[in-house]
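To start, the structure under review is shown below, and the notes come after it.
What you see is a predicted model; the values in this text were computed from it and never measured.
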Amino acid sequence: MPRKNASSEIMKAAEACLIAGAGDFEMSDVAARAGVSEGLAYHYFGSKAGLLCALVEAFYDRYSAVANERYDVEIPWALREHARLKAVIDFLYGDPLAEVVLGRMGRTAQVAKVEAARRREMIELAGRNIRSGVERGDIPASIDPQIAGAAIAGAIRQTFNYVMAAPDRPAPDVLAEQLWRLIAGALDLSPARDAASRAGPSALAH
């Protein structure tokens, strides 16, 4: 009879093996590290590909929790979205699977499958987010939220894929500022509007 929490132990072992194996592992090594039979690992996940997909899904669940965190809508759009961007970068730099999933595994079938299933959701969320900024008057009304959301989401994802695979990764603050310039440019945020919004609500009263 499978022991309690065996699947989570297999997932933890597989994550460690994936990191140690630079994006690959053997089911026998995962089972040995988890202290279970190889057959039990197959019982829970069906195949090596199934276990890989489960790891990638779990990573994107953690990513989404940070990227889609709810912020007070009364906070100026640029201020809260700059904070969200920094939180996402801090997560990616801190999560041990980020370098593997977005870097070494970035073009594998397992990552592509998960990203394909989530891409529309990410674009729709980005569009709704930008629309809230337009409605607040923080973003020019001439901006199409869905088109801008798709463009920004795609550019940021490609940047993360590049950065996480790069041997010399930029400092988090440097990356955040580079990406924020891209976002501000895409949304036609004037320097004055951007600076005032990011300074906080008190700055907007003057």
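Residues Leu79 and Ile75 share a closest heavy-atom pair of CD2-CG2, 3.6 Å. Arg104 and Ile19 make their closest contact through NH1-O, 3.8 Å (heavy atoms, listed as atom of the first residue, atom of the second, distance). The minimum heavy-atom distance between Ile123 and Gln146, with the atom names listed, is O-NE2, 4.0 Å. Heavy-atom minimum distance, Ser47 versus Gly50: OG-N, 3.0 Å. Residue Pro172 comes nearest to Asp90 through the heavy atom pair CB-OD1, 4.1 Å, listed as atom of the first residue, atom of the second, then distance. The minimum heavy-atom distance between Leu51 and Ala14, with the atom names listed, is CD2-CB, 3.7 Å.
Proximity of a side-chain donor or acceptor of Asn5 to a complementary backbone N or O of Ser8 within less than 3.5 Å is not detected. Side chain of Arg84 to main chain of Val66: no donor-acceptor pair is present (N/O by atom type, distance under 3.5 Å, no hydrogens or angles). Side-chain atoms of Arg33 never come within 3.5 Å of backbone atoms of Ala16 as a donor-acceptor pair (strictly under, hydrogens ignored). A donor-acceptor pair under 3.5 Å is absent between the side-chain atoms of Trp180 and the main chain of Leu175, judged by distance alone.
If you check the side chains of Arg80 and Ser132, you find a donor sitting under 3.5 Å from an acceptor. Between the side chains of His82 and Glu177, at least one donor-acceptor pair of N or O atoms lies under 3.5 Å.
Checked against a 6.0 Å centroid threshold, the rings of Tyr93 and Phe160 do not count as neighbours.
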- Task: Let me see the working for Glu115 and Met122 under side chain to side chain contact (heavy atoms under 4.5 Å, CB included), right down to the final yes or no.
- Result: CA-CA 9 Å; Glu115 285 206 345; Met122 290 188 290; 5.5 Å; no
- Task: Show your reasoning for whether side chain to side chain contact (heavy atoms under 4.5 Å, CB included) applies to Thr108 and Val56.
- Result: CA-CA 11 Å; Thr108 63; Val56 175; over 6 Å; no
- Task: Apply the test side chain to side chain contact (heavy atoms under 4.5 Å, CB included) to residues Ile130 and Trp77: give CA-CA distance (whole Å), side-chain angles for both, the deciding distance (0.1 Å), then the verdict.
- Result: CA-CA 8 Å; Ile130 292 170; Trp77 190 90; 4.2 Å; yes
- Could you check Asn161 against Gln158 for side chain to side chain contact (heavy atoms under 4.5 Å, CB included), going step by step and ending with a plain yes or no? CA-CA 5 Å; Asn161 287 350; Gln158 289 301 313; 4.2 Å; yes
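Within the 4.5 Å cutoff, the side chain of Ser37 has no heavy atoms near those of the His43 side chain. Side-chain contact between Pro170 and Val163 is present, with heavy atoms from C-beta onward closer than 4.5 Å. Counting only heavy atoms from C-beta outward, the side chains of Glu81 and Ile183 never approach each other to under 4.5 Å.
Here the CG atom belonging to Asp29 is positioned 9.0 Å from the CD atom belonging to Glu38, to the nearest 0.5 angstrom. One finds the CE atom of Met27 at 5.0 Å from the OH atom of Tyr42 (value rounded to the nearest 0.5 Å). Between Leu52 atom CG and Asp24 atom CG the span is 7.0 Å, to the nearest 0.5 Å. To the nearest 0.5 Å, atom OG1 of residue Thr159 and atom CD1 of residue Ile152 are 11.5 Å apart. Atom OH of Tyr44 sits about 9.0 Å away from atom CD of Glu9, to the nearest 0.5 Å. Expressed to the nearest 0.5 Å, how far NZ of Lys113 lies from CD of Glu57 amounts to 8.0 Å.
The aromatic rings of Tyr63 and Tyr60 sit perpendicular to each other, their planes meeting at more than 60°, with 30° as the lower class boundary.
Ionic pairing of Asp61 and Arg118 is present here: one or more N-O contacts between side-chain nitrogen and carboxylate oxygen are shorter than 4.0 angstrom.
The cluster map of Ile, Leu, Val, Met, Phe, Trp and Tyr, joined by side-chain heavy atoms under 4.5 Å apart, puts Leu179 and Tyr71 in different clusters. In this structure, Tyr162 is a member of the same hydrophobic cluster as Val101, with clusters built from ILVMFWY side-chain heavy atoms closer than 4.5 Å. Residues Phe91 and Met105 share a hydrophobic cluster, clusters being chains of Ile/Leu/Val/Met/Phe/Trp/Tyr side chains in contact below 4.5 Å. Following chains of ILVMFWY side-chain contacts shorter than 4.5 Å, one cannot reach Leu125 starting from Leu92, and the two form parts of different hydrophobic clusters.
Residue-environment remark: NZ (Lys48) exceeds the threshold of 12 foreign heavy atoms within 6.0 Å. Counting non-hydrogen atoms of other residues, nucleotides and ligands closer than 6.0 Å to CG of Asp72 gives a total above 12.
Among Val30, Val100, Leu55, the single residue meeting the side-chain contact (heavy atoms from CB on, under 4.5 Å) criterion with Glu15 is Leu55.
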